[in-house]
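To keep things clear, I will list the structure first and then write my remarks on it.
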Amino acid sequence: EGMIEVFKWKQMDFHNRGDGSNGPVVGIGPVRKPVPSEDLPIVFPGRYGRDRKKRDVITSRDVNPIGISARTITSNDDTPYIAYNNVPMGATHFQGRLFVTMPRRRVGIPSTLNFIDMRREGKQGSSPKLYAYPDFETNQFNHSSRNLVSVYRTTVDDCQRLWFIDTGMLEYPNNRQQIRRPSIWIVDLKTDRVIKRFDIPESIAETGRGLASLTIDIENKRDCSAAYAYIPDLVYRRLYVYSLAQNRMWSFEHNYFNFDPLAGDLDIGDQTFRWDDGIFSITLGPHQNDGSRSVYFHPMASNNEFVVSNRVLQLESNAARSDHGNDFRVLGSRGEKKQSTMHVYDPRTQVVFYDEIQTNGVGCWNTKKPFSAANHGTVVANAREMIYPSDLTIDADGTIWVMTNSMPIFIYSTLETDVYNFRIWKQNVHEAKRNTVCE
Ligand SMILES: O=C1C=C2C[C@@H](C(=O)O)NC2=CC1=O
């Protein structure tokens with residue numbers, strides 16, 4: 001039971017800060033230059049920027065929260081590395097590389113997609129520096145319209161591909177700039193080559209701000225082209241489906257994607273605030289006899305869990321329905337103060353593991369038992385060291401990885417730079433459920 005602390009940082013640092021301050025980049029040999037596929041559209045910055053007339057979605061977080069010190073928003077945009085501004089968000093492990101994302105919510109972030117080389121810098125309890133992925137240049141949004149702008153979370157599919165969404169947005173406080181179309185990227189982890197990039201049409205998502213995660217559904221590993229990506233949009237409260245085979249995307253709307261107004265009051269890291277984040281995380285159950293899978297989902301500002309069949313999502317014509325009948329179902333409430341960012345179903349234990357942001361820990365539900373508050377267990381709760389679990393992923397070996405990043409303190413107060421603000425935890429799925437109701 002419990003989780004094992006793997007890394008901890010007071011502030012994040014990079015092998016290449018982009019300012020030459022840390023000398024020549026001691027790389028692990030040149031990561032192969034990604035060859036973008038030919039159908040990459042050229043996107044001209046500014047075309048989707050301020051000149052668009054659409055009313056922006058105004059939420060509680062648009063007003064600069066009281067007390068935010070101006071020091072974190074420097075005027076000179078071209079400072080490549082400002083340690084304080086680097087707040088990590090996502091953690092995904094694959095064969096000795098731990099991918100860590102750094103969404104660009106402030107200036108001074110050298111690279112938004114990174115990894116830790118576990119073989120060379122995996123010493124437990126250390127604070128390893130990050131390598132840019134797939135390389136430093138691809139992370140320089142101001143060098144080319146083909147480069148990465150801002151990535152929140154990543155996921156690895158059954159075909160050893162890394163998927164993620166570039167929001168295309170510089171999310172600076174009170175100065176959000178959509179400088180590129182948001183786009184879905186696929187990188188082949190055997191070659192580190194970008195094998196696909198799909199620009200999300202404006203007809204689907206006006207901006208990329210709410211595209212903080214995605215989940216990949218593959219019918220069977222023998223046909224890696226038959227993949228669907230399910231993408232929750234926490235701002236516009238929609239569920240997008242991208243079919244790789246058809247290279248098309250469609251959008252579902254449903255009341256269950258909305259946040260619960262009675263569950264928006266949060267108290268995390270001594271900060272009390274109100275969020276209105278809608279549908280946030282999607283995870284897939286096992287293939288059932290008819291080949292279909294349950295798609296579990298929840299809004300972040302909510303205690304409830306919902307489910308829909310992947311067959312419903314995979315049929316584009318369903319997206320246009322004004323009424324979805326009983327296709328989307330409510331499973332119930334996990335209990336009070338059980339708001340969750342990311343969750344993942346583990347096929348080995350048939351347990352769903354949740355990041356829980358008010359209990360500062362990880363919860364669980366054994367899907368073989370009825371969905372009820374009583375059947376939701378606690379793997380760990382640690383208000384001192386696990387403030388704001390922002391990501392939870394499970395790798396091919398059945399190891400759970402959790403990132404905790406103190407995000408509410410960064411947003412509503414000021415991080416202390418002499419304490420450990422960011423940590424990555426791990427635990428084997430069987431160990432994690434031991435001595436809990438999820439056993
Ligand atoms: O974990 C996340 C939390 C939030 C809050 C909201 C914001 O902009 O403050 N957007 C988020 C995205 C996340 O990934």
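Numbers for residues simply follow the sequence, beginning at 1. Whatever order the structure lists ligands and atoms in, that order sets their numbers, starting from 1.
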Within reach of ligand 1, part of F280 (heavy-atom separation under 4.0 Å): side chain
Reported OG1-to-CZ distance for the pair T283 and F353, which is rounded to 0.5 angstrom: 11.0 Å
Under 4.0 Å from one or more heavy atoms of E171, ligand 1 contributes atoms 8 (O)
Compute the shortest N/O to N/O distance between T341 and ligand 1 and return yes if it is under 3.5 Å, no if not. no
Going by the atom numbers of ligand 1, which of them fall below 4.0 Å from some non-hydrogen atom of M300? 3 (C)
Whether R311 and E219 form a salt bridge (side-chain N of Lys/Arg under 4.0 Å from carboxylate O of Asp/Glu) is what I want to check. yes
Under 3.5 Å, N or O to N or O, is Y388 touching ligand 1 that way? yes
So, do F297 and F257 have ring centers that fall under 6.0 Å from each other? yes
Between the side chains of D346 and K433, is the shortest nitrogen-to-carboxylate-oxygen separation below 4.0 Å, so that they form an ion pair? no
Using heavy atoms and a threshold below 4.0 Å, how should the contact between F410 and ligand 1 be classified: side chain, backbone, both, or neither? neither
Give yes or no for whether the N/O distance cutoff of 3.5 Å, strictly under, is met between R153 and ligand 1. yes
Salt bridge between E171 and R209, side-chain N to carboxylate O under 4.0 Å? yes
Only heavy atoms of D277, strictly under 4.0 Å: list the atoms of ligand 1 that pass. 4 (C), 5 (C), 6 (C), 10 (N), 11 (C)
Under 4.0 Å from ligand 1, counting heavy atoms only, is it the side chain of A212, its backbone, both or neither? side chain
Would you please indicate yes or no on a ring centroid separation below 6.0 angstrom for H254 and F306? no
Is K129 positioned over the aromatic face of F14, cation under 6.0 angstrom from the ring centre and no more than 45 degrees off axis? no
